[in-house]
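All values below come from the heavy atoms of this structure, side chains included, with hydrogens, waters and symmetry mates left out. Here is the naming used below: chain letters follow the sequence lines, and residue numbers restart at 1 for every chain.
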There are 2 protein chains.
Amino acid sequence: MKENISGCSVEEAMRLIGGRWRMLLVSFLLEGPRRFNQLRRDVPNISQRMLTLELRALEEAGLVLRTVYPEVPVRVEYSLTPDGRRLEKIVEVLKEFGLWLKARPAA
Amino acid sequence: MKENISGCSVEEAMRLIGGRWRMLLVSFLLEGPRRFNQLRRDVPNISQRMLTLELRALEEAGLVLRTVYPEVPVRVEYSLTPDGRRLEKIVEVLKEFGLWLKARPAA
DNA sequence: CCGCATCCGAAACGATACTG
DNA sequence: CAGTATCGTTTCGGATGCGG
């Protein structure tokens, strides 16, 4: 299997950042660390369950850092790792394309 | 529902171009028009069914043009519309990120 | 050559209720 | 506040067989 053709990189990238929520969450984390319920407000349509799952996935991929502050009540902050910041360009381009999408005449 | 925040653009974009195959197909179509079985060879792991479905979806979104040449046997060519070419930047950035992904030490 | 129809399992996603 | 657990629905994706 010739895995090294450039197209496969696209596939790998999409497998990691594909899905409805991932890049959306990253787009907010790019502005700075966020708490759990803060992200829920930022992304009103996401369910609690999906938010947990997606954050865990991003954490496991090394793109997001989860920090627990042992206060009462507990405080948890999510932030992008240096690796996670590599997604900034993708978010930018995606945002640009999305805006054009919503503006174009033909749906 | 405040739909106009920039993040939502990202979501809309991902809903259109998300999925395992879409951007991969676009990445090949960027090189020029392709026939059905040509794409099957380019993307060895895609099933006939998915190739049909994804091409139809891209066509319906106005990103891909399907041209039927009434020869015998029939010849069908898929090419990007001008709108479809707007995906070029996304593919580039995705490709770059994917290559880095495969190269980084920590999996 | 270029599909479509059908069936099926797997994965993504969502709603709701409950917990330290 | 920040989650788990459970369940149901929807979408994704593969296998196979048929048709113009």
Side-chain angles (χ1 to χ4, degrees), chain A residues 1 7-8 10-26 28-29 32-61 63-80, chain B residues 1 3 7-8 10-26 28-29 32-61 63-79:
Chain A
M1 291 186 258
C8 289
V10 174
E11 188 179 349
E12 296 238 349
M14 288 308 293
R15 287 192 89 99
L16 179 55
I17 67 160
R20 184 172 169 189
W21 305 115
R22 232 98 110 175
M23 294 313 285
L24 195 48
L25 292 173
V26 170
F28 286 107
L29 290 175
R34 289 285 185 281
R35 300 177 60 174
F36 189 84
N37 280 343
Q38 220 172 343
L39 287 169
R40 284 191 76 184
R41 283 187 294 276
D42 288 338
V43 188
N45 292 331
I46 198 171
S47 66
Q48 210 168 30
R49 171 191 148 83
M50 286 312 295
L51 183 52
T52 302
L53 289 178
E54 297 297 271
L55 286 172
R56 289 290 185 282
L58 289 168
E59 192 190 357
E60 193 178 359
L63 302 176
V64 158
L65 181 67
R66 180 174 182 268
T67 314
V68 182
Y69 299 92
E71 310 168 352
V72 180
V74 69
R75 183 163 62 97
V76 181
E77 267 191 4
Y78 295 90
S79 55
L80 290 178
Chain B
M1 290 186 260
E3 300 275 5
C8 288
V10 173
E11 188 179 351
E12 295 238 351
M14 287 308 294
R15 286 191 90 99
L16 179 56
I17 67 160
R20 183 172 169 189
W21 305 115
R22 232 98 110 174
M23 294 312 286
L24 195 49
L25 292 173
V26 169
F28 285 108
L29 290 176
R34 289 284 185 281
R35 300 180 57 176
F36 189 83
N37 281 343
Q38 221 173 341
L39 286 170
R40 285 193 75 183
R41 282 188 294 276
D42 288 339
V43 188
N45 291 332
I46 199 172
S47 66
Q48 208 169 32
R49 171 191 149 83
M50 287 312 295
L51 184 51
T52 301
L53 288 179
E54 298 298 274
L55 286 172
R56 288 292 183 280
L58 290 168
E59 193 191 354
E60 192 176 359
L63 302 176
V64 158
L65 180 68
R66 179 173 182 265
T67 313
V68 183
Y69 298 91
E71 310 168 349
V72 181
V74 70
R75 182 164 62 96
V76 181
E77 267 191 4
Y78 295 90
S79 55

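- B:Arg34 has its CZ atom 13 Å from the P atom of C:dC2, to the nearest Å.
- Note on residues 50-59 of chain B: pairs passing salt bridge (charged side-chain N to carboxylate O under 4.0 Å, His left out), not counting sequence neighbours, are B:Arg22-B:Glu54.
- Contacts of B:Arg40 with the nucleic acid, taken as non-hydrogen atoms under 4.0 Å apart, are absent.
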Show each protein N/O and nucleotides 12-14 of chain C N/O combination with a separation under 3.5 Å, one pair to a line.
{"unit_1": "C:dC13", "atom_1": "OP1", "unit_2": "A:Arg20", "atom_2": "N", "d": "3.1"}
{"unit_1": "C:dC13", "atom_1": "N4", "unit_2": "A:Arg49", "atom_2": "NH2", "d": "3.0"}
{"unit_1": "C:dG14", "atom_1": "OP1", "unit_2": "A:Arg20", "atom_2": "NH1", "d": "2.4"}
{"unit_1": "C:dG14", "atom_1": "OP2", "unit_2": "A:Trp21", "atom_2": "NE1", "d": "3.1"}
{"unit_1": "C:dG14", "atom_1": "N7", "unit_2": "A:Arg49", "atom_2": "NE", "d": "3.2"}
{"unit_1": "C:dG14", "atom_1": "O6", "unit_2": "A:Arg49", "atom_2": "NE", "d": "3.0"}

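- The interatomic distance linking A:Gln38 (CD) with D:dC1 (P) rounds to 11 Å, in whole Å.
- Comparing atom distances between the A:Gln48 side chain and each of D:dG3, D:dG20, C:dG3 picks out D:dG3 as nearest.
- Each end of the helix from C:dC1-D:dG20 to C:dG20-D:dC1 gets its own axis, taken as the rotation carrying the C1' atoms of four end pairs onto the next four within a five-pair window, and the two axes meet at 50° to the nearest 10 degrees.
- Under 4.0 angstrom from either OP1 or OP2 of D:dG3 there lies at least one side-chain N or O belonging to A:Tyr78.
- Computed from coordinates, the B:Glu59 CD to C:dC2 C1' distance equals 14 Å when rounded to whole Å.
- Rounded to whole angstrom, the span from the CG atom of B:Leu25 across to the P atom of D:dG13 amounts to 11 Å.
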Give the C-alpha distance, both sets of side-chain angles, the deciding distance and a yes or no for side-chain contact (heavy atoms from CB on, under 4.5 Å) between A:Leu80 and A:Val64.
CA-CA 4 Å; A:Leu80 290 178; A:Val64 158; 3.9 Å; yes
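- A side chain to side chain donor-acceptor pair (under 3.5 Å) check over residues 63-76 of chain A, counting only residues at least two apart or in different chains, returns the pairs A:Arg66-A:Tyr78, A:Glu71-A:Arg75, A:Arg75-A:Glu77.
- The B:Arg66 side chain lies nearest to C:dG3 when the options are C:dG3, C:dC2, D:dA2.
- For the pair A:Met14 and B:Arg20, the minimum side-chain heavy-atom distance is 4.5 Å or more.
- Here B:Arg34 pairs with B:Glu31, B:Asp42 under the salt bridge (charged side-chain N to carboxylate O under 4.0 Å, His left out) rule; sequence neighbours left out.
- Inter-residue side-chain proximity for B:Trp21 and B:Asn45 is flagged as met; some heavy-atom pair is nearer than 4.5 Å.
- Of the residues near DNA chain D, A:Arg56 and A:Pro73, the one whose nearest nucleotide (by heavy atom distance) lies more toward the 5' end is A:Pro73.
- Rounding to the nearest 0.5 angstrom, the gap separating the CD atom in B:Gln48 from the CG atom in B:Leu39 is 12.5 Å.
- Within the structure, a side-chain polar atom (N or O) of A:Arg35 is placed less than 4.0 Å from OP1 or OP2 of D:dA2.
- When the C1' atom of C:dT19 is taken as reference, atom CZ of A:Phe36 falls 14 Å away, rounded to whole Å.
- Rounded to whole Å, atom P of D:dG3 lies 14 Å from atom CD of A:Glu71.
- A:Ile17 is not listed as a side-chain neighbour of A:Val26, based on a closest heavy-atom distance of 4.5 Å or more.
- Using a 4.5 Å cut-off on side-chain heavy atoms (C-beta onward), A:Val43 and A:Leu51 make no contact.
- Between A:Leu55 atom CG and D:dA2 atom C1' the separation is 11 Å, expressed in whole Å.
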